[in-house]
Amino acid sequence: MKSVTTTLLLIILIAGCAERERYTERYLDSVGLVLHQNRPAEVSGFLKKKVEPGDALEYPDMTGIREIAFKCSADDYVKIEENLQDCLIPVAVTTSISDVIPSVEYLQDGIIWKPNYQWSMRDGFCSFTATVSIMNSTGREWFTESILMMDILKEPVCRLSDTLVIPGGELELGWWHAEGTAHPLNLVYGWPICAGWNQLIPCHVPDAGQIVPAGEKMSEWPVRTGDTLWIQAEHSVELRETIEQNPDGYSCMLEIRNGSEMYMEIKISHPDILPRGAEFVEAEAFPAVLDLYPGEQALLKYSLIYDVSS
């Protein structure tokens with residue numbers, strides 16, 4: 001997957017940096033945060049001038065810090081060797097023969113992010129808005145000069161290159177907004193939720209930003225394919241599926257009823273071969289498109305056939 005990093009817009013900014021003077025970041029320049037959805041955050045920066053390397057290992061409250069990574073010259077390592085013996089947090093030190101500015105990275109529990117998506121449709125047009133929520137349960141605020149968000153595959157998604165104070169609780173940042181065209185209802189078998197029929201509205205939104213699942217499931221919405229965003233239908237049809245087992249698979253019948261007060265055009269689609277290997281076989285006169293007026297119904301017949309000879 002090609003990584004795409006977009007820019008965040010600040011919606012809420014809580015000012016006030018006095019509290020951070022109690023924390024280790026006061027020893028660092030260019031403080032940056034890398035946030036993940038399902039693992040500790042990475043807080044990093046370079047040691048300020050005239051600050052001793054050992055100062056970066058002093059922290060009045062180590063709650064939530066899992067590990068410290070320290071990069072420095074061999075001479076600086078000698079200066080912090082004694083501090084390492086007294087540090088209660090695991091410290092990984094990387095040394096360089098050349099004279100480098102020491103840098104520090106802390107793995108910090110209690111700061112994660114998640115994407116949020118909202119959409120609306122009217123008269124065949126659709127509008128999508130994406131925001132980012134930062135959840136801070138560390139019991140303190142964080143000051144940063146840049147934030148990078150990573151998805152669950154550890155790919156960069158979006159960044160904010162600006163100073164920010166992250167308060168306790170939840171902070172919302174703007175991400176992207178795009179508009180497009182909403183198409184008729186699609187009845188899709190086996191995608192994106194594998195078992196059964198999915199009622200979806202495809203929206204052509206060529207300027208949409210990245211879609212990042214909030215968790216591990218592919219059933220989260222919207223789902224993206226190319227420049228199309230798929231969402232669950234707000235005005236759905238009534239479905240009743242009857243399945244009978246036979247020697248080579250299943251005989252199926254799907255009753256579709258338009259219980260709404262509006263005319264509905266419905267496109268029918270399915271894979272030829274299902275993920276488990278069954279062949280989807282249409283009965284005679286199986287439609288590609290249905291036109292149902294309020295109260296009308298239709299009947300689809302099909303079979304799921306397995307190759308029992310293999």
Side-chain angles (χ1 to χ4, degrees), residues 1-11 30-45 64-69 71 90 92 94 103 105-119 128-138 142 144-162 164 166 170-178 180 188 190-195 198 200 202-232 271 274-276:
M1 180 182 71
K2 182 180 180 180
S3 2
V4 178
T5 305
T6 54
T7 304
L8 291 167
L9 300 175
L10 186 59
I11 293 179
S30 304
V31 178
L33 265 67
V34 177
L35 301 186
H36 300 267
Q37 296 173 261
N38 55 357
R39 57 192 297 262
E42 300 152 25
V43 186
S44 62
I65 291 186
R66 287 194 181 187
E67 183 179 317
I68 301 173
K71 296 180 181 179
T94 302
S103 63
E105 179 180 278
Y106 306 93
L107 289 185
Q108 173 69 46
D109 282 325
I111 316 176
I112 58 174
W113 80 282
K114 68 175 183 179
N116 305 300
Y117 303 96
Q118 298 83 36
W119 56 85
F128 287 79
T129 298
T131 59
V132 163
S133 291
I134 300 176
M135 283 75 70
N136 175 14
S137 60
T138 61
W142 291 85
T144 177
E145 297 171 59
S146 67
I147 297 179
L148 176 63
M149 313 292 178
M150 308 285 277
D151 65 15
I152 57 177
L153 300 176
K154 300 182 184 179
E155 294 285 346
V157 175
C158 51
R159 71 171 70 244
L160 173 65
S161 300
D162 201 354
L164 177 69
I166 302 175
E170 186 168 337
L171 176 68
E172 186 178 55
L173 305 174
W175 190 2
W176 58 262
H177 175 82
V188 183
W191 182 87
I193 301 175
C194 293
N198 296 265
L200 308 174
C203 299
H204 180 238
V205 191
D207 296 326
Q210 196 158 352
I211 299 295
V212 181
E216 304 285 346
K217 299 179 180 178
M218 285 304 296
S219 58
E220 297 172 356
W221 307 98
V223 175
R224 182 173 191 162
T225 57
D227 57 7
T228 300
L229 302 184
W230 299 79
I231 59 176
Q232 287 183 310
L274 303 182
R276 294 185 178 181

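- In plain terms, the two heavy atoms of Ala92 and Glu67 that are nearest each other are CB-OE2, 4.3 Å.
- Interatomic distance, CD of Glu42 versus CG of Leu148, reported as 9.0 Å (0.5 Å rounding).
- Leu173 has its side chain within reach of Leu160: a pair of non-hydrogen atoms, C-beta onward, lies under 4.5 Å apart.
- In terms of heavy atoms, Val212 sits closest to Gln37 at CG1-OE1, 3.5 Å.
- In this structure, OG in Ser133 is found 4.0 Å from CD in Glu170, a value given to the nearest 0.5 Å.
- In this structure the side chain of Ser44 never reaches within 4.5 angstrom of the side chain of Tyr106, judged on heavy atoms.
- Proximity of Pro40 to Gln108: side-chain heavy atoms (C-beta onward) are nowhere separated by under 4.5 Å.
- Here the NE2-CG distance, from His36 to Asp151, works out to 10.0 Å after rounding to the nearest 0.5 Å.
- Taking the six-membered ring where tryptophan is involved, the planes of Trp113 and Trp175 are perpendicular, since the angle between them exceeds 60° and thus also 30°.
- Side-chain contact between Ile112 and Ile134 is absent, with no heavy atoms from C-beta onward closer than 4.5 Å.
- Rounding to the nearest 0.5 Å gives a distance of 11.5 Å between CG of Leu171 and CD1 of Ile111.
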- Query: For Asp109 and Arg66, what are the C-alpha separation, side-chain angles and deciding distance, and is it a side chain to side chain contact (heavy atoms under 4.5 Å, CB included)?
  - Reply: CA-CA 7 Å; Asp109 282 325; Arg66 287 194 181 187; 2.9 Å; yes

Apply side chain to side chain contact (heavy atoms under 4.5 Å, CB included) to Glu105 and Ser103, showing your working. CA-CA 7 Å; Glu105 179 180 278; Ser103 63; over 6 Å; no

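- Between Trp230 and Trp191, the ring planes are perpendicular. Angles over 60° get that label, and only those under 30° would be called parallel.
- Put simply, the residue from Asp207, Thr129, Thr131 that forms a side chain to side chain donor-acceptor pair (under 3.5 Å) with His177 is Thr129.
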One pair to check against side chain to side chain contact (heavy atoms under 4.5 Å, CB included): Glu172 and Val132. What are the steps and the verdict? CA-CA 6 Å; Glu172 186 178 55; Val132 163; over 6 Å; no

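- One distance of note links CG of Leu35 with CZ of Arg159; it measures 12.0 Å at 0.5 Å rounding.
- Here the closest non-hydrogen pair linking Val31 and Thr144 is O-OG1, 3.3 Å.
- For the pair Asn116 and Gln118, the tightest heavy-atom approach, listed with the atom from each and the gap, is CB-NE2, 3.6 Å.
- Between atom CD of residue Gln210 and atom SG of residue Cys158 there is a gap of 8.0 Å, rounded to the nearest 0.5 Å.
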Q. Could you go step by step and tell me if Val223 and Leu229 meet the side chain to side chain contact (heavy atoms under 4.5 Å, CB included) rule?
A. CA-CA 6 Å; Val223 175; Leu229 302 184; over 6 Å; no

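- Heavy atoms only, all atoms of each residue included: Trp221 and Ile231 are closest at CE3-CA, 4.0 Å.
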